[in-house]
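All figures in this text were calculated on a predicted structure; none of them were measured in a lab.
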Amino acid sequence: MDREPAAVILSPQQVLVQGLRDAVPYIREHEGKVFVVAFGGEALDDPESFQRVVRDLVLIADLGVRLVLVPGARPQINRRLLQAGQSPRFQGGLRITDFEMIDPVTEAVGALQFDLLSWLSTRLSMSSGSGLAQRVLTGNFLTARPMGIIDGVDLGFTGAVRRVDVEGVRDALGDGSIVVQSNLGFSPTGELFNLRAEDVAEAMAVSLGADKLIFLTDPVDDLPSVMSLVDVRMLLDRTDGGLSDEFRMHLESATHACTRGVDRVHLVDRDVDGALLVELFTRDGSGTLISAEPFEKIRSATLDDIGGIVALIEPLELAGVLVRRSREQLELEIERFVVIERDGDTIGCAALYPYPESSTAELAALVVHPAYQRGGRAGRLLAFLESRARSLGLRSVFLLSTQTMAFFKEKGFVDENLSGLPGERQVLYNFKRNSRIFRKWL
């Protein structure tokens, strides 16, 4: 049942071995995939910290991931404008870019690009030569258009992405390059426009059919590890001022990208050393995953799930907590089981055995992987099977337990006598186990 695991202290060697076991499947899965990684100019204001991120980006590219990097330059542009005696102005979160601002804007973006390209090239030259990443390349991969007039305010040379040169980017990625795309773009008539980096990253991810869009951002306390689009919209609707402008823009772009076909968007704390590697190469990650589709779901089990179910229930069978079930028995009874699937892994299971003549059903083999306990998953499995029992027209569910009685009492189960069970189930009762019997009326 849903039990708290004992604490285990691993040696450095065991930590390394476990880390490799966790990472290798993700290395294989990510090879050849396109990831768009965006970060605000705030990230480059701390060069020492960001160069650790650069190291990890090159490592990720060396492992075969096709990287497109989209740096922002908001604080750098603001400082250049102030140095030039001009005040930054915004309308609805968008910068107003007048003609006289073009030079400071291009100078700020150019200086930032120079630093980033220099750091990436240096790190690439330090690699062993056995990786897949060969060089860093930047170019004019965007066609831009003016944003125009919004709420009566002319945004001037602030623009939006009109088109992405998908073929050009893919050619560069296929040649082993890390692609860097700035937040500047030209119109077909040669006009230069200042773009929001978040919009550039979103457009690149959508146009390329990227597998992931990743924002390296500032942290937000107590943000869940997984968020649906509904969760994100609720967070954006908060009026308590708890979100920075940078983080809010990242959330908005994440929502737009998901609704336009990007399967997964990740928010990763840029200041935590190694956070990007943990997010990409471990099952639970280190940041927040935003997805239009559920990252974790309860569904009916299939024969393909038997291995995962065995891995869950076998330790409890060996401990005498659960009655033993052979693999053959599981194959015959698989339609009785449901599983919790998390990113392709089975982390929970339970089974329902109906007795229609008695208008009841037995709940059995409710197990949650030790790493995912205390997250309410056992309760969700229970509620799922109770709903299934109701749909079958049953009036109650019952179970037998030797160790998790308190949990089920908290969920509304009450003690039941053996005589209250269906006759065929009474015959199978194991008096040596002396299990407690509980029932819940639906």
Is a salt bridge present between [X] and [Y], judged by a nitrogen-to-oxygen distance below 4.0 Å?
| X | Y | answer |
| --- | --- | --- |
| Lys411 | Glu386 | no |
| Arg270 | Asp46 | no |
| Arg74 | Glu198 | yes |
| Asp56 | Arg123 | no |
| Asp103 | Arg80 | no |

Give me the atom names and distance for the closest heavy-atom approach of [X] to [Y].
| X | Y | value |
| --- | --- | --- |
| Met101 | Ser87 | CE-O, 3.9 Å |
| Val109 | Ser182 | CG1-CB, 3.9 Å |
| Ala301 | Ile309 | CB-CD1, 4.2 Å |
| Leu213 | Ala257 | CD2-CB, 3.7 Å |
| Gln86 | Pro104 | NE2-CG, 4.0 Å |
| His250 | Leu216 | CE1-O, 4.0 Å |

- Query: What residue among Arg388, Glu335, Arg336 forms side-chain hydrogen bond (donor to acceptor under 3.5 Å, both in side chains) with Ser300?
  - Reply: Arg388

- Value rounded to 0.5 Å, distance of CE in Met147 from OG1 in Thr97: 10.5 Å

- With rounding to the nearest 0.5 Å, note down the distance linking CG in Leu363 to OH in Tyr353. 10.5 Å

- Heavy atoms of other groups near Glu167 CD, more than 12 under 6.0 Å: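 Result for CD/Glu167: open.
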
- Task: Count the heavy atoms belonging to other residues, nucleotides or ligands that lie under 6.0 Å from CZ of Arg390, then report whether that count exceeds 12.
- Result: yes

- Query: Ignoring hydrogens and geometry, is there a side-chain-to-backbone donor-acceptor pair from Arg264 to Ile290 under 3.5 Å?
  - Reply: no

For the side-chain contact (heavy atoms from CB on, under 4.5 Å) test, which of [options] pairs with [X]?
| X | options | answer |
| --- | --- | --- |
| Gln113 | Leu184, Thr138, Asn183 | Thr138 |
| Leu330 | Leu303, Ile313, Asp305 | Ile313 |
| Met204 | Val161, Asp199, Leu142, Val166 | Leu142 |

- Can you list the residues that meet the side chain to side chain donor-acceptor pair (under 3.5 Å) rule with Arg79, with sequence neighbours excluded?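 Applying side chain to side chain donor-acceptor pair (under 3.5 Å) to Arg79 gives Asp45.
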
- Item | Residues in side chain to side chain donor-acceptor pair (under 3.5 Å) contact with Arg325, at least two apart in sequence or another chain | none

- Message: Ser118 vs Ser121, test: side-chain hydrogen bond (donor to acceptor under 3.5 Å, both in side chains). Steps then yes/no.
- Response: CA-CA 5 Å; Ser118 175; Ser121 298; over 6 Å; no

- Task: Indicate, with yes or no, if the rings of His30 and Phe281 have centres closer together than 6.0 Å.
- Result: yes

- Query: What about Phe413 and Phe407, are their ring centers closer than 6.0 Å?
  - Reply: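 No, the ring centres sit 6.0 Å or more apart.
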
- Message: Under the criterion side chain to side chain contact (heavy atoms under 4.5 Å, CB included), I'd like the reasoning laid out for Leu155 against Ile149: C-alpha separation, chi angles, the key distance, then a yes or no.
- Response: CA-CA 6 Å; Leu155 298 181; Ile149 300 172; over 6 Å; no

- Item | Ile214 and Leu280: CA distance, side-chain angles, deciding distance, side chain to side chain contact (heavy atoms under 4.5 Å, CB included) verdict | CA-CA 10 Å; Ile214 302 166; Leu280 293 178; 3.9 Å; yes

- Which is it for Val36 and Gln181 under the side chain to side chain contact (heavy atoms under 4.5 Å, CB included) test, yes or no, and what are the steps along the way? CA-CA 10 Å; Val36 176; Gln181 174 59 56; over 6 Å; no

- Query: Arg135 and Ser177: side-chain donor and acceptor closer than 3.5 Å?
  - Reply: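 Yes, side-chain donor-acceptor contact under 3.5 Å.
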
- Message: With a 4.5 Å cut-off on side-chain heavy atoms, are Val339 and Arg299 touching?
- Response: yes

- Task: List the steps, then state whether side chain to side chain contact (heavy atoms under 4.5 Å, CB included) holds for Arg66 with Lys33.
- Result: CA-CA 6 Å; Arg66 309 305 188 188; Lys33 302 293 180 61; over 6 Å; no

